[in-house]
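Values in this document were obtained by computation on a predicted structure and should not be read as measured data.
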There are 4 protein chains.
Amino acid sequence: MNKTKRSIMEAAIETIMELGFAQASIGQIAKRAGISKGVITYHFPSKDELIDFIVTELYTDGAEFLSQIMQEQTASGMLRSYIESNLAFIRTNPRHVAAVAEIILNMRTEDGKLRYVGLNDDPILVPLIEIIQWGQREGEFREFTDFGAKVLAMTIRGTIDGTASLMMSDPRFDFDLYTAELITLFERATCKMGEGNHKEDK
Amino acid sequence: MNKTKRSIMEAAIETIMELGFAQASIGQIAKRAGISKGVITYHFPSKDELIDFIVTELYTDGAEFLSQIMQEQTASGMLRSYIESNLAFIRTNPRHVAAVAEIILNMRTEDGKLRYVGLNDDPILVPLIEIIQWGQREGEFREFTDFGAKVLAMTIRGTIDGTASLMMSDPRFDFDLYTAELITLFERATCKMGEGNHKEDK
Amino acid sequence: MNKTKRSIMEAAIETIMELGFAQASIGQIAKRAGISKGVITYHFPSKDELIDFIVTELYTDGAEFLSQIMQEQTASGMLRSYIESNLAFIRTNPRHVAAVAEIILNMRTEDGKLRYVGLNDDPILVPLIEIIQWGQREGEFREFTDFGAKVLAMTIRGTIDGTASLMMSDPRFDFDLYTAELITLFERATCKMGEGNHKEDK
Amino acid sequence: MNKTKRSIMEAAIETIMELGFAQASIGQIAKRAGISKGVITYHFPSKDELIDFIVTELYTDGAEFLSQIMQEQTASGMLRSYIESNLAFIRTNPRHVAAVAEIILNMRTEDGKLRYVGLNDDPILVPLIEIIQWGQREGEFREFTDFGAKVLAMTIRGTIDGTASLMMSDPRFDFDLYTAELITLFERATCKMGEGNHKEDK
DNA sequence: AATGAATGAGTATTCATTCAT
DNA sequence: TATGAATGAATACTCATTCAT
């Protein structure tokens with residue numbers, strides 16, 4: 001919508017990727033946007049609000065993109081869909097995703113505490129844990145303790161969250177292959193023994 | 001050996017944990033060490049050298065600690081040993097490990113490039129990849145493409161690397177249970193179908 | 001043109017004169033300019049660039065001022081003109097000249113070497129040496145070895161360069177008289193014996 | 001006499017020559033002397049006293065060396081002797097002389113004023129002025145106003161004072177030739193017309 | 001005599017923010 | 001809307017000096 005705000009956001013993402021969050025000063029962002037510093041503080045009363053805008057924008061995009069996940073009939077289908085759609089979203093804008101990851105890991109409040117909830121915090125893991133527990137109840141997945149389900153969920157989430165920077169650091173990164181490998185990996189990690197997974201990874 | 005240097009290192013680790021790498025200024029570190037800023041620059045000519053000291057010290061400790069991994073007869077034993085010993089090392093000094101993770105993710109050179117090789121860089125993954133390929137050759141593990149082995153290695157490494165901050169953010173963190181769960185998870189992810197792993201994780 | 005840059009330059013000159021180059025900190029300059037330190041680094045990205053600006057500005061002014069020297073018909077006229085115009089230029093802005101002399105004598109690069117070519121370096125002496133050699137060829141001046149011409153040139157240049165600080169340390173300094181005395185002195189030093197210089201110095 | 005003090009002085013001179021006065025910190029001096037900083041402050045309660053020692057030592061040496069100047073019968077002989085002996089002294093220890101010149105030009109008191117009297121101050125010029133006025137009274141030299149005599153004295157002194165750094169910046173510097181050229185130059189500048197100085201400087 | 005450790009004031013520079021135009 | 005100027009706090013680092021050993 002607001003063209004200037006978006007272009008500032010793009011420049012900020014570019015700057016964060018290039019210099020890291022801590023070095024992404026308003027001056028550097030303005031330089032990359034080809035505007036003066038004042039323009040930024042005009043559109044974003046404070047730097048915090050610019051950062052917030054970048055994060056929120058990604059979450060809004062993400063929520064929309066990911067709203068169609070939960071239409072699978074089986075838990076393993078759901079897990080596959082979860083991984084596929086998350087990675088697909090990352091693929092649409094890896095720079096934005098990677099920048100927000102940088103922000104989340106580094107942005108702090110005045111008293112030094114992380115400003116955004118960690119990537120491994122419960123609310124984020126809930127959907128995954130629910131998939132796992134559903135699969136277990138249905139007999140599709142192996143046994144999991146509550147803690148085991150959480151550990152798996154964290155592993156999956158952590159792997160997904162690492163994808164964007166992985167993708168950007170390797171120009172020949174094969175996204176489809178990577179997705180297939182991860183799905184295989186986590187299907188193996190969840191399935192019951194003796195009951196092979198017959199799916200042909202796309 | 002050198003008491004002051006170690007106490008400065010401890011204070012630096014504490015500061016990085018509390019405020020994050022970017023906010024861990026010499027002033028803040030000195031305050032936590034209960035000394036004046038000058039003492040730090042006396043012992044470490046530049047902040048970079050202090051950071052380097054913190055990183056190197058951990059690597060030295062780690063190299064010693066991990067030197068006894070490779071004594072298993074089977075690939076799955078080796079994988080288990082790899083995970084166990086890495087986590088055990090993290091357990092000995094999670095704050096130091098977490099601080100170094102912060103450093104590696106954030107420390108940059110003047111031109112904005114990451115100063116330390118990323119956690120997912122090949123050299124770090126090599127031992128893991130070799131274990132996986134060995135298990136596959138021996139018929140212990142399932143089939144892996146080269147890329148598949150690398151993806152698994154990255155997943156394992158990423159999960160291990162996330163442990164320290166996980167451990168510190170949760171005071172009731174059950175280390176043994178977490179270790180067992182991860183071993184189970186990755187044994188499942190590697191084993192052949194139909195040939196269950198019968199080991200009861202300790 | 002740029003008012004603030006010029007006022008910063010003026011304050012810097014004043015500070016260098018008052019405290020010396022080494023003590024002329026950005027803080028002191030800002031204090032004398034009645035502005036905050038930030039203004040200086042806003043207009044001059046680094047202190048070196050401020051210093052460079054001060055030096056270059058003087059050289060630009062000087063080049064313009066001195067461009068009309070070389071219109072005399074005789075070597076002794078030229079020498080007189082050289083001295084007169086150099087001193088006249090110093091008179092226009094002795095503080096600036098004296099400050100730049102301080103800078104040239106003291107400004108060093110990181111490795112400790114003088115940053116600006118010395119006042120006695122060849123390029124600066126060339127015009128003077130040419131005048132002397134011309135006068136000798138024409139039979140106006142006495143005999144000079146190459147080295148003798150250079151020594152004389154250094155003496156003349158050194159005397160001229162010392163004028164600004166001389167002038168400023170003595171409030172009753174008589175500029176015209178000083179100029180006349182120097183011209184007499186160096187005419188005597190160059191002229192052939194027995195052929196008096198009959199000019200009445202202005 | 002005191003070996004350590006002298007070696008510290010030598011190191012200080014070396015440091016001042018290499019880095020300039022402003023950068024000649026106690027640390028740098030200690031490094032060049034191969035001792036710890038503490039040794040310096042042990043022997044010299046403050047840096048100022050070290051500097052004073054360096055200056056005083058040179059003046060003591062100089063006073064002794066120059067005490068035999070005034071034994072010439074004529075003013076022009078005296079002038080020649082003055083120049084010769086001053087240059088000869090500089091030749092004995094050009095580094096010390098150059099370092100002290102650096103000190104005199106840069107050392108300041110707390111309030112920013114030059115600590116040592118300038119090189120062009122009256123007391124230093126008095127002997128030279130007396131020689132000139134004597135030569136004029138005796139009819140050996142040309143007419144000089146009081147101010148003219150002072151200007152000449154300043155020129156001579158300035159030229160002599162510049163010799164040390166000149167000498168050190170040029171490894172092929174020919175001291176004897178330089179001395180001869182200066183003597184010729186200033187004899188010409190003082191002599192009456194028509195009464196040539198017939199000496200052929202070697 | 002000599003040393004290493006420690007201190008605190010001072011340095012240039014970076015930067016988010018404010019403001020007048 | 002947009003800009004350039006200005007501010008003041010914070011940063012890493014330097015250094016003369018003090019002190020215990």
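- Between B:I40 and C:G27, the one whose closest nucleotide on DNA chain E sits nearer the 5' end is B:I40.
- Atom-to-atom, CD1 of A:I26 to P of E:dT18 comes out at 10 Å; the value is rounded to the nearest Å.
- Nucleic acid contact for C:S25: sugar-phosphate only, since backbone atoms but no base atoms lie under 4.0 Å from a heavy atom of the residue.
- We find that CD1 of C:I51 is positioned 14 Å from P of E:dT11, with the value rounded to whole Å.
- A donor-acceptor contact shorter than 3.5 Å links the side chain of D:S7 to the backbone of D:T4.
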Are C:E102 and D:R108 close enough, and set up right, to give a salt bridge (charged side-chain N to carboxylate O under 4.0 Å, His left out), and what steps lead you there?
CA-CA 14 Å; C:E102 265 272 323; D:R108 304 203 171 227; 3.7 Å; yes

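- Rounded to whole angstrom, the span from the NZ atom of D:K31 across to the P atom of F:dT14 amounts to 11 Å.
- The side chain of C:T4 approaches F:dA6 more closely than any other nucleotide in the set F:dT3, F:dA6, E:dT13.
- Contact annotation: B:T41 side-chain N/O to F:dT14 OP1/OP2 distance is not under 4.0 Å.
- Between F:dG4 and C:H43, no contact under 4.0 Å exists linking OP1 or OP2 to a side-chain N or O.
- Within the 3.5 Å criterion, the main-chain N or O of D:K113 finds a donor-acceptor partner in the side chain of D:T109.
- A close approach under 4.0 Å does not occur between any side-chain nitrogen or oxygen of B:Y42 and OP1 or OP2 of E:dA6.
- Atom C1' of nucleotide E:dT14 and atom CD of B:Q23 are separated by 14 Å, given to the nearest angstrom.
- With the 3.5 Å cutoff on both pairing distances, Watson-Crick and G-U pairs in DNA chain F assemble into runs of at least 3 at E:2-21 with F:2-21.
- Side-chain to base pairing of A:K37 with E:dT17: one donor and one acceptor N or O lie within less than 3.5 Å of each other.
- Among F:dT17, F:dC13, F:dG8, the nucleotide with an atom closest to any side-chain atom of C:S36 is F:dG8.
- Residues C:T15 and C:K31 fail the side-chain proximity criterion, which asks for heavy atoms closer than 4.5 Å.
- In this structure, CZ of A:F44 is placed 15 Å from C1' of F:dA2, rounded to the nearest angstrom.
- The closest side-chain donor-acceptor pair between D:N106 and C:N106 falls under 3.5 angstrom.
- When rounded to the nearest whole Å, the span between CG of A:D48 and C1' of E:dA16 equals 10 Å.
- Take the nearest nucleotide of DNA chain E for B:G34 and for C:G38: the residue whose nucleotide is more 5' is B:G34.
- A salt bridge does not link B:R32 with B:E10: none of the charged nitrogens is closer than 4.0 Å to a carboxylate oxygen.
- Residue-to-nucleotide proximity on DNA chain F shows that, of B:K47 and D:A24, the 5′-proximal contact is made by B:K47.
- If you measure from atom CE of B:M107 to atom P of F:dA12, you get 11 Å, rounded to the nearest angstrom.
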Using side-chain contact (heavy atoms from CB on, under 4.5 Å), reason through A:E57 and A:H96 one step at a time and then give a plain yes or no.
CA-CA 9 Å; A:E57 205 73 355; A:H96 197 163; 4.1 Å; yes

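- Summarising the geometry, the separation between NZ on D:K3 and P on E:dA2 is reported as 10 Å, rounded to the nearest angstrom.
- Here F:dC13 is the nucleotide among E:dT7, F:dC13, F:dT17 with the atom lying nearest to any side-chain atom of B:S46.
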Stepwise, does the salt bridge (charged side-chain N to carboxylate O under 4.0 Å, His left out) test hold for C:R115 with C:D52?
CA-CA 10 Å; C:R115 166 140 175 207; C:D52 243 2; 2.9 Å; yes

